[in-house]
Student: 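One structure is given below, represented as structure tokens, and several questions about it will come after.
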Amino acid sequence: MPPSKKPVPRPAQRPDSNSSSKSKRSSSAPKASKRPSKHAPKRAPEVASQVGPKPARAPRFWLVKSEPSEFSFDALLAAPKRTTMWDGVRNYQARNTLRDDMAVGDEVLFYHSNSEPVGVVGIARVASAAYPDPTQFESGHAHEDPASSPSDPRWWLVDLQAVRRLPRVVPLEEMKASPALAGMPLLQRGSRLSVQPVGAEHFAEVLRMAGAPA
DNA sequence: GCCAACGTTGGC
DNA sequence: GCCAACGTTGGC
């Protein structure tokens with residue numbers, strides 16, 4: 001669940017009331033990183049200084065889940081600037097992804113859970129850097145977290161902007177049947193993460209399955 | 001509505 | 001730190 005949804009984001013926000021949640025949550029564990037072996041191949045010393053503007057890493061790919069009854073892709077398309085705060089995520093692993101790994105311009109598969117059919121329905125993009133989820137500080141809000149403080153926010157979010165609806169929904173059932181998608185976190189058993197990484201090859205395959213090859 | 005698979009909480 | 005109880009997610 002992310003979003004409790006409120007229409008567009010923009011970092012300062014008014015408290016509305018809203019909310020509930022939708023999907024999300026998690027499970028698959030992020031996989032671990034490789035640990036440096038003792039005799040690692042040598043590598044060239046890194047060049048440390050970066051002189052120019054920002055480093056601009058290659059765009060990454062993600063998947064977010066939402067129950068359409070809570071916040072659908074249509075709702076995102078209809079939001080001002082087709083953008084919303086992806087608020088309401090209350091899972092640490094998903095929080096870390098939002099806060100630490102997403103960057104403006106990253107592409108996102110928009111997935112409908114608890115729907116008919118369940119599957120990927122559209123593409124969105126990360127439209128802001130991470131900032132504290134304002135709903136955690138709203139008294140009485142479903143996503144209020146009394147243990148969090150503005151000086152040390154526990155929950156973070158990014159803005160998401162709709163890019164385009166897919167020509168056809170890519171049903172979960174088809175994704176499960178695709179050998180090419182076999183490693184996707186979404187398809188791992190017990191997966192509940194509402195915000196999760198997607199490999200570039202899996203992202204491309206989902207688009208291909210939707211009839212919208214990149 | 002069912003229920004498996006998780007995550008969180010809190011007693012000890 | 002263990003672990004039972006409880007709450008949530010989300011496919012079916």
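Residue numbering restarts at 1 for every chain, and letters A, B, ... go by the order of the sequence lines.
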Student: Between dT8(C) atom C1' and E67(A) atom CD, what is the distance in whole Å?
Tutor: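 Value for this atom pair: 11 Å.
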Student: Indicate whether OP1 or OP2 belonging to dG11(C) is found under 4.0 Å from a side-chain N or O atom of Y111(A).
Tutor: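 True: Y111(A) side-chain N/O within range (under 4.0 Å) of dG11(C) OP1/OP2.
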Student: Using whole Å, what does the distance between atom C1' of nucleotide dT8(C) and atom CG of N114(A) come to?
Tutor: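 Atom CG in N114(A) sits about 11 Å away from atom C1' in dT8(C).
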Student: Which whole-number value in Å describes the distance from M175(A) CE to dG11(C) C1'?
Tutor: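 Going from M175(A) (CE) to dG11(C) (C1'), I get 14 Å.
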Student: Find the distance L193(A):CG to dG11(C):C1' and express it as a whole number of Å.
Tutor: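 Value for this atom pair: 16 Å.
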Student: Kindly point out which of dG7(B), dC6(B), dG11(C) is positioned nearest to the side chain of S113(A)?
Tutor: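 The nucleotide sitting nearest to the side chain is dG11(C).
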Student: Atom CD of E116(A) and atom P of dG11(C): how far apart are they, to the nearest Å?
Tutor: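 Answer to the nearest Å: 11 Å.
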Student: How about E201(A): does its CD atom have over 12 heavy atoms from other parts shown lying under 6.0 Å from it?
Tutor: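 Counting other residues, nucleotides and ligands, CD of E201(A) exceeds 12 neighbours.
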Student: Between E205(A) and R208(A), does at least one N-O distance fall below 4.0 Å, as a salt bridge requires?
Tutor: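 Counted as a salt bridge, because a side-chain N and a carboxylate O are separated by less than 4.0 Å.
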Student: Quick one: R90(A) CZ to dT9(C) C1', roughly how many Å, whole number?
Tutor: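 So the two atoms are 16 Å apart, to the nearest Å.
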Student: Can you tell me how far P of dT9(C) sits from CD of E70(A), to the nearest Å?
Tutor: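 Answer to the nearest Å: 10 Å.
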Student: Please round to the nearest 0.5 Å and tell me the distance separating atom CD of E138(A) and atom CG of D145(A).
Tutor: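 It is 13.0 Å, given to the nearest 0.5 Å.
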Student: With D133(A), which of R154(A), R95(A), R90(A), R99(A) fulfils side chain to side chain donor-acceptor pair (under 3.5 Å)?
Tutor: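 By the side chain to side chain donor-acceptor pair (under 3.5 Å) criterion, D133(A) pairs with just one of R154(A), R95(A), R90(A), R99(A): R90(A).
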Student: In whole Å, I'd like the distance from the CG atom of L187(A) to the P atom of dC12(C).
Tutor: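 Distance, rounded to whole Å: 11 Å.
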Student: Which one, dG11(C), dG7(B), dA4(B), comes nearest to the side chain of R189(A)?
Tutor: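 When the side chain of R189(A) is considered, dA4(B) is the closest of dG11(C), dG7(B), dA4(B).
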Student: Would one find a side-chain N or O of K65(A) under 4.0 angstrom from OP1 or OP2 of dG11(C)?
Tutor: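 The answer is no; no side-chain N or O of K65(A) sits under 4.0 Å from OP1 or OP2.
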